[in-house]
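Step one of this worksheet: look at the structure below.
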Protein chains: 2
Amino acid sequence: MAFTFQRQVIYEAVLDSRQHPTPENIYEQVRGRIPSISLGTVYKNVKTFLDTGLLKEVSLHHGSLRLEANMTPHHHVVCSGCKAIFDLEESDVAPVELKSRLPKGFAIARCSVEIIGLCASCRGIGASNKKISTHHSSGARK
Amino acid sequence: MAFTFQRQVIYEAVLDSRQHPTPENIYEQVRGRIPSISLGTVYKNVKTFLDTGLLKEVSLHHGSLRLEANMTPHHHVVCSGCKAIFDLEESDVAPVELKSRLPKGFAIARCSVEIIGLCASCRGIGASNKKISTHHSSGARK
DNA sequence: TGACAAACGATAATGGTTATCGTTTAATAA
DNA sequence: TTATTAAACGATAACCATTATCGTTTGTCA
Ligand SMILES: [Mn+2]
Ligand SMILES: [Mn+2]
Ligand SMILES: [Zn+2]
Ligand SMILES: [Zn+2]
């Protein structure tokens with residue numbers, strides 16, 4: 001990975017922001033230092049940083065809306081490979097215990113647990129996850 | 001909310017799917033029963049169902065990529081109003097205890113907790129959350 | 001210093017989602 | 001029933017986030 005000024009400033013922008021910024025947010029901020037920078041450059045570098053493990057994305061499923069009709073409070077098991085989501089009943093997880101204070105004035109509505117990992121088919125050798133037809137179109141936006 | 005055949009079939013499609021489907025997934029399935037249905041109709045009804053609480057969306061932040069440079073495992077406090085995300089150190093939450101088996105063959109990589117609620121400014125009266133300039137562009141796609 | 005792969009800026013293309021608009025239909029009351 | 005009307009539908013354009021393309025510039029390394 002070549003060292004470029006743009007790359008440095010983009011990374012610092014994410015580091016300095018305690019805000020979990022979007023690419024657009026980063027772009028806005030970086031333009032303060034490099035007015036000529038392209039939004040495409042921000043996206044390209046963000047992707048590079050994600051690939052090399054310098055940054056990570058907050059949510060596994062930000063690509064497309066995922067819906068459910070199960071209105072009872074419950075948790076999820078998520079495959080980071082094919083983005084499949086399995087339900088986990090609330091009673092299957094012991095209540096989460098908070099050991100510290102939340103941001104001042106924050107009112108908790110609920111608490112959701114995500115167990116993240118790889119499903120059986122995604123662990124299989126090679127292209128095995130293509131064999132499972134029940135896996136819908138694998139929302140991974142790549 | 002008027003009762004229409006399309007509405008009925010769309011809702012049943014989500015009910016029958018244990019897959020947390022996308023609007024596109026629902027569209028594909030509903031076309032089996034109503035070949036002439038429009039994708040727009042699926043989106044419109046999904047929105048209606050979300051508004052009336054018949055369906056819910058799996059992830060609060062599916063609209064745009066959110067990034068972070070904090071690579072230490074940690075949890076999040078999320079405001080459902082403005083989508084602000086605050087970090088919560090891993091040590092601030094007692095380890096999650098699983099009381100049941102996961103889907104067969106699933107390999108856990110990590111476990112993430114989301115405390116969901118309303119931040120101080122979103123709880124304030126009226127348009128108060130607009131006053132806080134540190135809140136970045138409020139990714140809410142409406 | 002020179003050669004070359006990598007990265008850049010500009011911009012077109014894609015994919016998911018929302019908006020618009022003319023037509024059809026469900027709900028309601030005569 | 002039938003007439004009225006607001007709501008919902010299908011088709012399609014518009015929009016926004018993201019990715020791809022391409023000609024130019026720049027970092028790397030011999
Ligand atoms: Mn679920
Ligand atoms: Mn974080
Ligand atoms: Zn999988
Ligand atoms: Zn808020």
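Just so we're on the same page: letters track the sequence lines, and every chain starts at 1.
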Handout entry: ring pair (Phe, Tyr, Trp, His ring centres under 6.0 Å) partners for A/Y11, two or more places apart
Key = A/F49
Problem - Qualifying residues under ring pair (Phe, Tyr, Trp, His ring centres under 6.0 Å), relative to B/H76, sequence neighbours excluded - result: A/H20, B/H74
Handout entry: Candidate nucleotides D/dT18, C/dG9, D/dG10, ranked by approach to the side chain of B/T41 - the nearest
Key = D/dG10
Fill in the blank from the handout: Across all chains, not counting sequence neighbours, the side chain to side chain donor-acceptor pair (under 3.5 Å) partners of B/S36 are none
Handout entry: Those residues of residues 49-56 of chain B lying under 4.0 Å from DNA chain D by at least one heavy atom
Key = none
Completion exercise
Across all chains, not counting sequence neighbours, the ring pair (Phe, Tyr, Trp, His ring centres under 6.0 Å) partners of B/Y27 are none
Completion exercise
In whole angstroms, the gap separating P of D/dA7 from NZ of B/K47 amounts to 15 Å
Problem - Whole-Å distance separating the CD atom of A/E24 from the C1' atom of D/dC15 - result: 14 Å
Show me the donor-acceptor pairs, under 3.5 Å and distance only, between side chains in residues 28-35 of chain B and residues at least two apart or in other chains.
residue, atom, partner, partner atom, Å
B/R33, NH2, B/E12, OE1, 2.4

Practice task
Please list, by residue number, the residues of residues 32-39 of chain A whose heavy atoms come closer than 4.0 Å to an atom of DNA chain C; answer none if no residue qualifies.
Solution key: A/S36, A/I37, A/S38
Fill in the blank from the handout: Whole-Å distance, B/L65 CG to D/dC16 P, equals 19 Å
Problem - Nucleotide nearest B/Y43 (side chain, heavy atoms from C-beta), chosen from D/dA11, C/dT18, C/dG9 - result: C/dT18
Problem - Interatomic distance where CD belongs to B/Q8 and P belongs to D/dA8 [whole Å] - result: 15 Å
Please enumerate all protein N or O atoms sitting under 3.5 Å from an N or O of nucleotides 26-30 of chain C, with distances to 0.1 Å.
residue, atom, partner, partner atom, Å
C/dA26, O3', B/F3, O, 3.3
C/dA27, OP1, B/F3, N, 3.0

Practice task
Return no unless some side-chain N or O of A/Q6 is found under 4.0 Å from OP1 or OP2 of C/dG9.
Solution key: yes
Problem - Side-chain touch B/C82/B/C119, heavy atoms, less than 4.5 angstrom - result: yes
Problem - Minimum heavy-atom distance A/P23-A/V42, with the two atoms named - result: O-CG1, 3.7 Å
Handout entry: Under the salt bridge (Lys or Arg N to Asp or Glu O under 4.0 Å) test, residues paired with A/E114 that sit two or more places apart
Key = none
Exercise for the section: Take atom CG of B/N25 and atom C1' of C/dG15, then tell me their distance rounded to the nearest Å. Expected result: 14 Å
Problem - B/K44 NZ to C/dT25 C1', straight-line distance once rounded to whole Å - result: 14 Å
Exercise for the section: By nearest nucleotide on DNA chain D, pick out whichever of A/P23 and B/G40 is the more 5' one. Expected result: B/G40
Exercise for the section: State whether a side-chain donor-acceptor pair under 3.5 Å links B/T48 with B/N45. Expected result: no
Handout entry: Separation of atom CG in A/L67 from atom P in C/dG16, rounded to whole Å
Key = 14 Å
Problem - Where at least one partner belongs to residues 98-113 of chain A, residue pairs that pass side chain to side chain donor-acceptor pair (under 3.5 Å), sequence neighbours excluded - result: A/S100-B/D92
Practice task
To the nearest 10°, let me know how far the axis at one end of the helix from C/dT1-D/dA30 to C/dA30-D/dT1 is tilted from the axis at the other, five pairs an end.
Solution key: 30°
Exercise for the section: Determine, for B/K56 against A/E68, whether the closest basic-nitrogen to carboxylate-oxygen distance falls under 4.0 angstrom. Expected result: yes
Problem - Side chain proximity check, A/I115 to A/L88, heavy atoms < 4.5 angstrom - result: yes
Exercise for the section: Taking the side chain as every heavy atom from C-beta outward, state whether B/I37 and B/I10 have any atom pair closer than 4.5 Å. Expected result: yes
Practice task
Select one nucleotide: of D/dT18, C/dA7, C/dT17, the one nearest the side-chain heavy atoms of A/R7.
Solution key: C/dA7
Handout entry: Distance, rounded to the nearest Å, where A/R31 contributes CZ and C/dC8 contributes P
Key = 17 Å
Problem - ILVMFWY clustering at 4.5 Å (side-chain atoms), partners of B/M71 - result: none
